[in-house]
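Below, chains carry the letters A, B, ... as their sequence lines are ordered, and counting in each starts from 1. Model, not experiment: these values are computed from the prediction.
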Number of protein chains: 2
Amino acid sequence: MPRITEARREARRDQIRAAALRSFAAKGYQRTSIADVVTESGLSAGAIYGHYADKGELFAAVAQHVLSRRDDEIAAASHEGVPPSPYEILVLLTGGMARDLADGRVLVQLWSESTVDPALRAVVQRVVGSVRGVLGDALRNWFATRPDLAPDGPDAAAQLLLPVVMGLGQAFIMQRALLEDFDPDAYLAAAEAVLPR
Amino acid sequence: MPRITEARREARRDQIRAAALRSFAAKGYQRTSIADVVTESGLSAGAIYGHYADKGELFAAVAQHVLSRRDDEIAAASHEGVPPSPYEILVLLTGGMARDLADGRVLVQLWSESTVDPALRAVVQRVVGSVRGVLGDALRNWFATRPDLAPDGPDAAAQLLLPVVMGLGQAFIMQRALLEDFDPDAYLAAAEAVLPR
DNA sequence: GTCTATACGGAGATAGAC
DNA sequence: GTCTATCTCCGTATAGAC
């Protein structure tokens, strides 16, 4: 396989994903027609179906792409230098989202779709599992430096706290996407006040 | 207006809403056709359009109905007897959801739709405002009994904590709706560990 | 690989009888 | 108010040329 061709192929797929992401964010996944993605991408229907079997597969690819970068960021941060605190981990989690996605709309749509679509549900399950792992690691590392806060050991402390950190991250994304008057700083300040330091 | 007729009308509207709720929970709002609601309700298309102008209005009515149930539960609890603690408030908020999966799924779908549909967005804004008010009240009441935890007064303490309690509630609903292996008890235990007591 | 053009099915909404 | 029947549009996905 010639690498030029392969690189071009991936570039084209990326072009399609990017156009789809913009379209989904603007109109929502269901309301977005292939014609919309055609317009947004400057390509044709044929070109799109040449790369993705159907609309659902395209959405899954977009979602997968967006989500996969969270893992890397957190893993990187928790393995270099001083372990980040739970609050800092939350900031990493939400900050990355904010950078990648203009807003979290598409993620909220993904969550919604995955309540009724088994294929998307599988994508979400897998990524959540992975985030849990990375997040758990990061928390464990931090609790290891603070034995005073982990009487039953860093493992137990991390396991206990995990759902809260995940939940606060998800809720941040949702509220930012949903509420006209959402105040990120107030939200994070509230989180900082309750998370262990 | 004869009241029998009015009561019958409301009963019929309720029958339609209930059928729509079941359908939406099973297939998702967008994937649910009017034909599905017809089947589920045992009525006809004509009957449904006699009560709701279009599919969107029906969804708004279903969502409004689901949301108002939450509001009532919290308001009732916070006005009777000892002020519930933040953790107890969270349990109240999520308790209704834990009983029935349908409500949770439809709520997640509502959040998703409201990222792209102005009419639904307005519904969400309004109800969130109301929940904020009720929740804020409840938190203020509790902090008033615990001045040791509210150095700047119960108002400030309640304001600070509010986003976290709301967020944890929303995230509970979402995780319950979409994670196969969601553990409500572990989630609430984690919340209890971080919330002030 | 990509384009243009289109087949095909399905969904929302209405008309008109009862 | 409700039913049956149907109209009309729109969206997905494909066929075939280049």
Exercise for the section: Describe the nucleic acid contact of B:Thr32 in one word from base, sugar-phosphate, nothing, applying a heavy-atom distance below 4.0 Å. Expected result: sugar-phosphate
Problem - Expected output: side-chain A:Arg105 to main-chain A:Ala25 donor-acceptor under 3.5 Å - result: yes
Handout entry: Donor-acceptor pair, side chain of B:Asp72 and main chain of B:Arg69, under 3.5 angstrom
Key =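 No, because the side chain of B:Asp72 does not come within donor-acceptor range (under 3.5 Å) of the backbone of B:Arg69.
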Using residues 38-49 of chain A as the side-chain source, report each donor-acceptor pair under 3.5 Å to any protein atom, sequence neighbours left out, with the distance given to one decimal.
unit_1, atom_1, unit_2, atom_2, d
A:Thr39, OG1, A:Ala35, O, 3.0
A:Glu40, OE2, A:Arg22, NE, 2.6
A:Ser41, OG, A:Val37, O, 2.8
A:Ser41, OG, A:Val38, O, 3.2
A:Ser41, OG, A:Leu43, N, 3.1
A:Ser44, OG, A:Ala47, N, 3.3

Problem - Strand-adjacent residues in residues 54-62 of chain B, judged by heavy atoms under 4.0 Å from DNA chain C - result: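 Nucleic-acid contacts, sorted: B:Asp54, B:Lys55.
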Exercise for the section: State whether A:Arg132 and B:Asp181 are salt-bridged, where the test is any N-O pair (Lys NZ or Arg NE/NH1/NH2 against Asp/Glu carboxylate O) under 4.0 Å. Expected result: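 The answer is yes: the pair qualifies as a salt bridge.
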Problem - Validation row: B:Leu135, B:Val165 side chains within 4.5 angstrom (heavy atoms) - result: yes
Problem - Close side-chain approach of A:Ser112 to A:Tyr29, heavy-atom, < 4.5 Å - result: no
Atom [atom1] of [X] to atom [atom2] of [N]: distance rounded to whole Å?
{"X": "A:Tyr49", "N": "C:dT4", "atom1": "OH", "atom2": "C1'", "answer": "15 Å"}
{"X": "B:Tyr52", "N": "C:dG12", "atom1": "OH", "atom2": "C1'", "answer": "18 Å"}
{"X": "A:Arg31", "N": "D:dC10", "atom1": "CZ", "atom2": "P", "answer": "15 Å"}

Practice task
Please determine, for the side chain of B:Ser33, which listed nucleotide (D:dG1, D:dT12, C:dG12) has the closest atom?
Solution key: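 Of all the options, the side chain of B:Ser33 is nearest to C:dG12.
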Practice task
Could you give me the CA-CA distance, side-chain angles and deciding distance for B:Val62 and B:Arg17, then say whether side chain to side chain contact (heavy atoms under 4.5 Å, CB included) is met?
Solution key: CA-CA 6 Å; B:Val62 169; B:Arg17 275 198 305 266; 4.2 Å; yes
Within the sub-3.5 Å range, which N or O atoms of nucleotides 2-6 of chain D have a protein N or O partner, and how far apart are they?
unit_1, atom_1, unit_2, atom_2, d
D:dT2, OP1, B:Arg12, NH1, 2.5
D:dT2, OP2, B:His51, NE2, 2.7
D:dC3, OP2, B:Ser44, N, 2.8
D:dC3, OP2, B:Ser44, OG, 2.3
D:dC3, O5', B:Ser44, OG, 3.3

Exercise for the section: List the steps, then state whether side chain to side chain contact (heavy atoms under 4.5 Å, CB included) holds for A:Asp117 with A:Phe59. Expected result: CA-CA 12 Å; A:Asp117 179 331; A:Phe59 189 42; over 6 Å; no
